[in-house]
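Quick note: residue numbers are just sequence positions, from 1.
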Amino acid sequence: MLFRLNYDSEILHIKESLETLELGCKELRNKGLFVKLLEAVLKAGNRMNAGTSRGNAQAFNLTSLRKLSDVKSTDGKTTLLHFVVEEVVRFEGKRCVLNRNRSLNRSSSSRSSNGSRNVENTASSEQREKEYITLGLPIVGGLSSEFSNVKKASLIDYNSFIGSISALSTRTVEIRQIVSQCRNDRGGMFVKEMENFLENAELELKLLRDEQTRVLQIVKRTTEYYQGGASKEMAENPIQLFVLVKDFLGMVDQACIEIARNLQKRRMSKPNST
C-alpha cells in the first residue's frame, strides 16, 4: 500500500527529469551566442599557444572551461575568461550599432549622403568602445537565463535517475508475489484492485524505460556535439555536460558583472568637462 501511495509522485519525478533533460539538450543545440563564447575560447587558446603543437586546435575539452579564471594576463589584472567575455560583449554591441545604423540609413535615404553620416563615424574611438560594451552587456549577461532547463538538468543525480525505473520495476515484481499470496488467502477486492494497479504500472514502466533510452541517446548526441571525443567522466555520467555548462554560464555572469562595474568606474573617474 505504501508503494502504491508513493508510486504516482515517483513516476511524475521521472517524467519531469526526462522532460528537463530533453529540453536542456534543445537549449544547448539552439543557442548561437553560447557557441560564439565557445568559439572565442578556442580562438583565444590557439592565440596563446601559437607556434606550439597546441596552437591549431579544432576543439577543446569542456572541463577546461572551469580553468579560464585561473589563466591571467602578465600584469595579473585580467583573466582569460574576462578577456573572452569582453570580446563577445564588444562584438554583440558592435552588431547592435551596425544594425541600428543600417536602419537609420534606410529611413534617411531621401537625404543627402553628407547629411546621413552615422553616429559611429563621428564618435571617438573611446565613445564607440563604451557604446559597444554598454549595448553588448545585456545580451551576453542575459544568456544564462535562457538555459533554465540546463540548470535544472545539472541537479539531476545520474545514478539515481538511471536506477529509478529499475527500482520501481523490482518493487512491482515483489508486490505481485505478495498479491499472489493474498489471492490464495481469498484477498477479494484488495487482490483485484492491486492486480489492476500492477498491470497498469508494469505497462507504464516499460514505456518509461523506452523513453529513458531515447532521451539518454539525445543527451549522448548533444555531448558528442560539443565534446567531440567524450571523456571517461562524460561517458560514465552524460549529465555532467549540464553541470559544466551551468558552471561556465555562472562564470560568464560574474564576468559581465565585473565588466559593468569597471565600465561604471571609468565613467565616474572621467573628469567633467568645463
Side-chain angles (χ1 to χ4, degrees), residues 27-48 50 60 62 64-69 71-109 111 113-148 150-151 226 244-273:
E27 289 173 353
L28 286 173
R29 296 296 292 266
N30 291 342
K31 300 303 177 184
L33 185 55
F34 176 67
V35 174
K36 286 181 183 178
L37 281 166
L38 296 184
E39 290 174 346
V41 171
L42 180 62
K43 290 178 181 177
N46 282 337
R47 195 180 309 170
M48 290 174 57
F60 62 91
L62 289 181
S64 61
L65 291 174
R66 290 171 169 168
K67 302 176 182 178
L68 294 178
S69 295
V71 181
K72 298 184 178 181
S73 60
T74 52
D75 59 8
K77 295 181 179 180
T78 303
T79 66
L80 180 57
L81 172 69
H82 190 283
F83 171 79
V84 166
V85 173
E86 189 163 329
E87 283 291 300
V88 176
V89 166
R90 187 181 293 108
F91 176 85
E92 291 300 312
K94 185 175 183 179
R95 188 166 60 84
C96 288
V97 170
L98 292 174
N99 289 337
R100 181 192 65 194
N101 288 344
R102 289 194 194 100
S103 178
L104 289 173
N105 288 335
R106 282 196 299 268
S107 65
S108 61
S109 58
R111 302 175 185 175
S113 58
N114 290 332
S116 62
R117 295 176 64 85
N118 60 50
V119 177
E120 185 180 8
N121 289 334
T122 58
S124 70
S125 176
E126 183 180 0
Q127 288 174 324
R128 287 201 302 269
E129 180 76 6
K130 288 181 179 179
E131 185 176 24
Y132 293 159
I133 293 178
T134 300
L135 292 173
L137 270 175
I139 298 173
V140 179
L143 178 63
S144 66
S145 64
E146 300 176 7
F147 287 83
S148 59
V150 169
K151 294 176 183 177
Y226 280 105
L244 291 173
V245 173
K246 182 207 71 172
D247 291 348
F248 176 61
L249 291 174
M251 293 164 63
V252 171
D253 284 345
Q254 185 59 39
C256 286
I257 291 172
E258 293 171 1
I259 292 170
R261 188 181 296 127
N262 292 338
L263 182 63
Q264 185 64 23
K265 286 180 180 179
R266 290 203 297 269
R267 286 172 176 168
M268 294 182 67
S269 63
K270 184 177 179 180
N272 295 326
S273 57

Asks: Just verifying a value: how many Å separate F248 CZ and S64 OG, rounded to the nearest 0.5 Å?
Replies: 9.5 Å
Asks: Applying side-chain contact (heavy atoms from CB on, under 4.5 Å) to I133 and L137, what does each step give before you reach the verdict?
Replies: CA-CA 6 Å; I133 293 178; L137 270 175; 3.9 Å; yes
Asks: Please round to the nearest 0.5 Å and tell me the distance separating atom CD1 of I259 and atom OG1 of T134.
Replies: 11.5 Å
Asks: Using atom types as modelled, flag every donor-acceptor pair under 3.5 Å from a side chain in residues 81-92 to any protein atom, sequence neighbours excluded.
Replies:
| from | atom 1 | to | atom 2 | distance (Å) |
| --- | --- | --- | --- | --- |
| E86 | OE2 | R90 | NH2 | 3.2 |
| E87 | OE2 | R90 | NH1 | 2.6 |
| R90 | NE | E129 | OE1 | 3.3 |
| R90 | NE | E129 | OE2 | 2.6 |
| R90 | NH2 | E129 | OE2 | 2.7 |
| E92 | OE1 | R95 | NE | 3.4 |
| E92 | OE1 | R95 | NH2 | 2.3 |
| E92 | OE2 | K36 | NZ | 3.0 |

Asks: Go through it in stages, so that I can follow the logic: the residues are C96 and I139, the test is side-chain contact (heavy atoms from CB on, under 4.5 Å), and I'd like the CA-CA distance, side-chain angles, deciding distance and then a yes or no.
Replies: CA-CA 10 Å; C96 288; I139 298 173; 3.5 Å; yes
Asks: Which pairs pass salt bridge (Lys or Arg N to Asp or Glu O under 4.0 Å) with one or both residues in residues 246-258, sequence neighbours excluded?
Replies: R66-D247
Asks: Check the pair L33, E146 against side-chain contact (heavy atoms from CB on, under 4.5 Å), reporting the backbone distance first and the verdict last.
Replies: CA-CA 11 Å; L33 185 55; E146 300 176 7; over 6 Å; no
Asks: Is there side-chain contact between V41 and L37, with heavy atoms separated by less than 4.5 Å?
Replies: no
Asks: Please walk me through it: do R102 and N99 pass side-chain contact (heavy atoms from CB on, under 4.5 Å)?
Replies: CA-CA 5 Å; R102 289 194 194 100; N99 289 337; 2.9 Å; yes
Asks: Check S69 against T79 and note the closest heavy-atom contact, atom names and distance.
Replies: O-CG2, 3.4 Å
Asks: If every non-hydrogen atom of L244 is compared with every non-hydrogen atom of L62, which pair is closest and at what distance?
Replies: CD1-CB, 3.9 Å
Asks: Looking at F34 versus Y226, is the centre-to-centre ring distance below 6.0 Å?
Replies: yes
Asks: Look only at the side chain of E131 and the backbone of V97, and say whether a donor-acceptor pair between them is shorter than 3.5 Å.
Replies: no
